[in-house]
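Quick caveat, the model's predicted, so the values are computed rather than measured. Reminder, nothing fancy here: chain letters follow the sequence lines and each chain counts from 1.
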Amino acid sequence: MTSSTSPAQHPASPLVSVAQVQKHFGAHHVLKDIDLEIARGEVVVIVGPSGSGKSTLCRCLNRLETITSGTITIDGVPLPAEGRALADLRAEVGMVFQSFNLFAHRTILDNVALAPHIVSKVPLKQARAEAVALLERVGIADKAERFPGELSGGQQQRAAIARALAMKPKLMLFDEPTSALDPEMVSEVLDVITSLADDGMTMVVVTHEMGFARRAADRVIFMDDGRVVEDTTPDEFFDNARSDRARAFLSKILAH
Amino acid sequence: MDFLAASAGPIAEALGTTILLAVAAGIGSIVLGTLITAARISPVPVLRWAAFGYVQFFVNVPLLVLLVLAVFALPDAGFLLPLTPTAIIVLTLYEAAYVAEAVRSGVNTVGKGEIEASRALGFTLGQTLRVLVIPQSLRAAIQPIGNVMIALTMNTALAAAVGVVELTSAANKLNLVEAQPILIFTAAGLIYMALALAIGLTAGRLEKKLRIRR
Ligand SMILES: Nc1ncnc2c1ncn2[C@@H]1O[C@H](COP(=O)(O)OP(=O)(O)O)[C@@H](O)[C@H]1O
Ligand SMILES: [Mg+2]
C-alpha cells in the first residue's frame, strides 16, 4: 500500500504534476493557471470557499472532468484521453466522494471486491479475501454482508475508502469526505484517512476540517476563484496567511 | 358442468401450452428487452438508433398482424417452423419492445454518483452498464415488467387465431361441441385471472426482496 510498491520511474520525481491547467464549463472559467506538484507520500489538503474549483481540480486529476488546456501527469505519464488506458489510470487513482456513492444494490463486501475482480481480473475468492482485510482495516468487517442503505454515513464512507483502497491506488483523492456526515461520525472517517497518511499514502484531501488540515497535512493549498492563492505548510497557512483572501476565509471558518 | 370435467384432459393440455407460451416468451422477452435497453443507452449511435427503431416498430404494429405474417408469410419465404415455436418467437420479439420500455424507465433511478464512482474505479462503459446500470434498472422496473408479463399472458390467446391450441382455442373448440359459451369462457377467463394474479404476486414478492434501499 505504500508508494514503494509502485513501479516508480524516478522515486524523486513528483507523483502528480499539474502545469498551466485551464478548465472551462462553457464560458465559465473555473480553473485558472493551475501549477501544482505533489511528491510521493505527500498529503495535500485543499481548502477554499465554495465554488472556488476544489472539486473540479480533484476531478481533473482522474479525468472525470477534461481540462481545456495544460498538462497533468501522474507518475510521469500524461493523463490518457480515453479507452483502456484511461480506465487503467483511474484504477490507480482512488477517489472518495462527499456522498459515498456505494453501489446500492450490492453488499458492502461486494462493493469492495467488485472493482479488483472486474477491472483488474483478480479471482473472486482472492478479491473477497482482500476485501475482508480492508473492511477490517477500516473497522467495519462486521458489516460485510449488509447493504449500503443499512449503514450509518460514517460506516458508508469508511466502506467507500476501503473500496478505493482495494484497487491499490498510488494516489487517493478525497472530495469533502466528511461534509455529508453527522458531526459525531466525522472523526471515525478522519481517523481512517489519518492512518492512511501515516502509512505513506499520497493524497489530496478537500476539506473544511481545519483541525485535520493542521494535523495531517504536509501542505495546504488555498484556492479562491479558480486559482491557487496559497501553497504552503499548515503552520504557515494557519498562523501567517499572506493573502487577504486566505485571512478572510480563515476568520470566517474559524469563527464557528 | 360434467362436460367440463370430462374435457379436463384436453383443457389441461391447452393450459400447458398457454403456460409454455407465456414462460418461454416471458424469459425471451426479458433477456432481449434488457439487451435492447442496453443498446438504447449505449454511446454507439448505430445501436441507439437500431434499438429505438425496434421499439417503435413493435409498439406500433398489432400483435395479431405479426402472428399472421409469421405463420403465413414466413413459410412462403422458406422458413418452416412448427406453430408453437413460431408463436413463441413472435411473442418474444413483440413483448421485448415493451420490456425495453419498462427497463428504460428504471434507468433513471440509477444513481449518478454511483456511475461516477464506477468510472473512478476504472470500469469501462460496458462494465458500468453490466454491473451497475442494468441490474439497478431491472430492480427498479420489476413491477412494470410484471405488468408486461401479465399482458403477454393475455396476448398468448391471440395465438389461437393462427391455429395454436392453447387455452382460448381449446375453450372455443369445446364450445362448438357443447354450446355453453358463458360457462366455458367464464371458466377460461377465471384461469387467465389466476395466472395474472400469480404473476402479479410474484412480481410483488420479487420487488420486496430485491428493492434497493438507499
Ligand atoms: N458540471 C458543471 N457544469 C457547469 N459548471 C460547473 C460544473 N461543476 C462545477 N461547476 C462550476 O465550477 C465552479 C467550481 O465548482 P467546484 O469545483 O464544485 O467548486 P468547489 O468544490 O470549490 O465548491 C463553480 O462555479 C461551479 O458552479
Ligand atoms: Mg466541492
Heavy-atom pairs under 4.5 Å with chain A: which of Pro135(B), Ala120(B), Gly111(B) has the most?
Ala120(B)
Cut-off 3.5 Å, side chains only: do Glu116(B) and Asn101(A) have a donor facing an acceptor?
no
Member of Glu209(A), Gln157(A), Met172(A), Met203(A) meeting the side chain to side chain contact (heavy atoms under 4.5 Å, CB included) criterion with Ile193(A)
Met203(A)
Under 4.5 Å heavy-atom distance to chain B, tell me which part of Leu89(A) shows up: side chain, backbone, both or neither.
neither
Exercise: do Glu114(B) and Gln136(B) side chains pair donor with acceptor under 3.5 Å
yes
Could you work out, with ring-ring contact (aromatic ring centres under 6.0 Å, His included) as the rule, every residue matching Tyr94(B), not counting sequence neighbours?
Tyr98(B)
With a 4.5 angstrom heavy-atom cut-off, could you sort out which part of Arg211(B) is near chain A: side chain, backbone, both or neither?
neither
Tightest non-hydrogen contact, residues Thr107(A) and Ala144(A), listed as CB-O, 3.6 Å
Under 4.5 Å, heavy atom to heavy atom, which residues of residues 52-69 of chain A contact chain B?
Arg59(A), Asn62(A), Arg63(A), Leu64(A)
Below 4.5 Å from any heavy atom of chain A, which atoms of Arg139(B) appear? Answer side chain, backbone, both or neither.
side chain
Can you say whether Val96(A) sits under 4.5 Å from chain B via the side chain, the backbone, both, or neither, judging by heavy atoms?
neither
Just checking, is any N or O donor in the side chain of Thr18(B) or Thr156(B) under 3.5 Å from an acceptor N or O on the other one?
no
With a 4.5 angstrom heavy-atom cut-off, is it the side chain or the backbone of Phe147(A) that approaches chain B, or both, or neither?
side chain
Does a side-chain N-to-carboxylate-O contact under 4.0 Å join Arg137(A) and Glu130(A)?
no
Inspect the surroundings of CZ in Arg48(B) and state if more than 12 heavy atoms from other residues, nucleotides or ligands are less than 6.0 Å away.
yes
Counting neighbours of CZ on Phe52(B) that are heavy atoms of other residues, nucleotides or ligands and sit closer than 6.0 Å, is the number greater than 12?
no
Residue Val131(B) versus chain A: region with a heavy atom under 4.5 Å:
both
